[in-house]
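Right, one structure below, let's go through it.
Here is the naming used below: chain letters follow the sequence lines, and residue numbers restart at 1 for every chain. Below, each value reflects all heavy atoms present in this structure, side chains not excepted, and no hydrogens, waters or symmetry copies.
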Number of protein chains: 2
Amino acid sequence: MQTKDLIKGTLNTIILNLLKEHGQMYGYEITQEVKRKTDGKILIREGSLYPALHKLLADEMVITEEVLVGRRSRIYYKLTSKGHEQTIEQTTELIGFLDTVALLIYPGKKLAHG
Amino acid sequence: MQTKDLIKGTLNTIILNLLKEHGQMYGYEITQEVKRKTDGKILIREGSLYPALHKLLADEMVITEEVLVGRRSRIYYKLTSKGHEQTIEQTTELIGFLDTVALLIYPGKKLAHG
DNA sequence: AAAAATACATAGACAGTCGATACATAGACA
DNA sequence: TGTCTATGTATCGACTGTCTATGTATTTTT
């Protein structure tokens, strides 16, 4: 299991892309959506997620809105315009990197995108 | 520039795959080959490479052979059978991870392999 | 009533990569 | 002759991002 090492550097971009796709999400929802989409292959822990979200907030990539559901509060995260730009930039870079790594580990193959 | 974060967790697998492809390589050769193959997009530093190689040696994934070229010594690294197994295992896992991430950042697309 | 799921959060540990630095040989060029 | 660049191995300390473990509290299910 080296998957936990692989996640490094990609978590942020994954979060940003999910927010872009869904418009707004709360923390627990993000962990469940990643779990669902990846069929349990990638599990984001609270100890990884919340610090990452707080940093995105501090960097003004997202804004938050607290919503009470019953007596429990949810904190929704939504991209700012700066966050949108950053999402595009980071995603481009990540795709480029994935391409490049793919190139190194099975020569002649590339990511199918476009 | 987050590329340096992305490399985390992939460096080992990249090295193993290069050794598998080339039979044997020395440190400096690895840095140059990665630079060449990735068109300068991935640069492996000495401070990253040598600790990684030393760990592979300690884990018996590679064996070394010192060769004198003129008065300068090169240390060639070659996969052991254990290293071969590990290469296959890690590569499979990495490809799976790349697939999964691709899934998260552009839905519906997958790595072209097989 | 107990257990599991939902929902947020933080602290400390850990590991991997980088930047900087070091030493030495070799070749090119002025 | 002297200097610069490339070749080649190597280590140290710093940084940073993720994980494990833990905590609190509410809601739903059994």
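Nucleotide C/dC14 has D/dG17 as its partner under the Watson-Crick or G-U criteria, with both atom distances under 3.5 Å. With a cut-off of 3.5 Å on both pairing distances, the Watson-Crick or G-U wobble partner of D/dT1 is C/dA30. Nucleotide C/dA5: paired with D/dT26 (Watson-Crick or G-U wobble, both distances less than 3.5 Å).
Residue B/Q32 is the one, among B/Q32 and A/R71, whose nearest nucleotide of DNA chain D lies closer to the 5' end (criterion: closest heavy atom). Map B/G70 and A/S73 each onto its nearest nucleotide of DNA chain C; the residue landing nearer the 5' end is A/S73. Annotation: of the two residues near DNA chain D, B/Y50 and A/V69, the 5′-most nearest-nucleotide partner is B/Y50.
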May I have the step-by-step check of side chain to side chain donor-acceptor pair (under 3.5 Å) for A/S73 and A/E66, ending in yes or no? CA-CA 6 Å; A/S73 73; A/E66 189 166 0; 3.2 Å; yes

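Taking side-chain N and O atoms only, A/Y26 has no distance below 4.0 Å to OP1 or OP2 of C/dC8. Close to D/dT9, at under 4.0 Å from its OP1 or OP2, lies no side-chain N or O of B/R74. Considering only side-chain N and O atoms, A/H54 lies under 4.0 angstrom from the phosphate OP1 or OP2 of C/dT10.
B/D59 has its CG atom 13 Å from the P atom of C/dA15, to the nearest Å. Between the CD1 atom of A/I30 and the P atom of C/dT6 there is a distance of 15 Å, given to the nearest Å. A/Y28 has its OH atom 12 Å from the C1' atom of D/dT27, to the nearest Å. If you measure from atom NZ of A/K55 to atom C1' of D/dT18, you get 14 Å, rounded to the nearest angstrom. For the pair B/L68 CG and C/dT25 C1', the computed distance is 12 Å after rounding to whole Å. Atom C1' of nucleotide D/dA10 and atom CD1 of B/I44 are separated by 16 Å, given to the nearest angstrom. Counting to the nearest Å, the P atom of D/dT9 and the CG atom of B/L53 are 9 Å from each other. The CD-C1' distance, from B/E46 to D/dG8, rounds to 9 Å in whole Å.
Using a 4.0 Å heavy-atom cutoff across all strands shown, A/G27 reaches sugar-phosphate atoms only and no base atom. When heavy atoms are screened at a 4.0 angstrom cut-off, A/R72 is found touching base atoms of the nucleic acid. Residue contacts for A/E29: at a heavy-atom cut-off of 4.0 Å it reaches no nucleic acid atom on any strand shown. The residue B/R45 sits close only to the backbone: its heavy atoms come under 4.0 Å of sugar-phosphate atoms, none of a base.
Comment: B/R36 engages B/E33 in a salt bridge, judged by a side-chain N to carboxylate O separation of less than 4.0 angstrom.
With 3.5 Å as the limit, one finds a donor-acceptor pair spanning the side chains of B/Q90 and B/T13. In this structure, a donor-acceptor pair under 3.5 Å is absent between the side chains of B/T87 and B/N17. For the residue pair A/E29 and A/H22, no side-chain donor N or O sits within less than 3.5 Å of a side-chain acceptor on the partner.
Looking at the side chain of B/D5, the nearest of the listed nucleotides D/dG17, D/dT7, C/dT17 is D/dG17.
More than 12 heavy atoms of other shown residues, nucleotides or ligands fall within 6.0 angstrom of atom CD in B/Q32.
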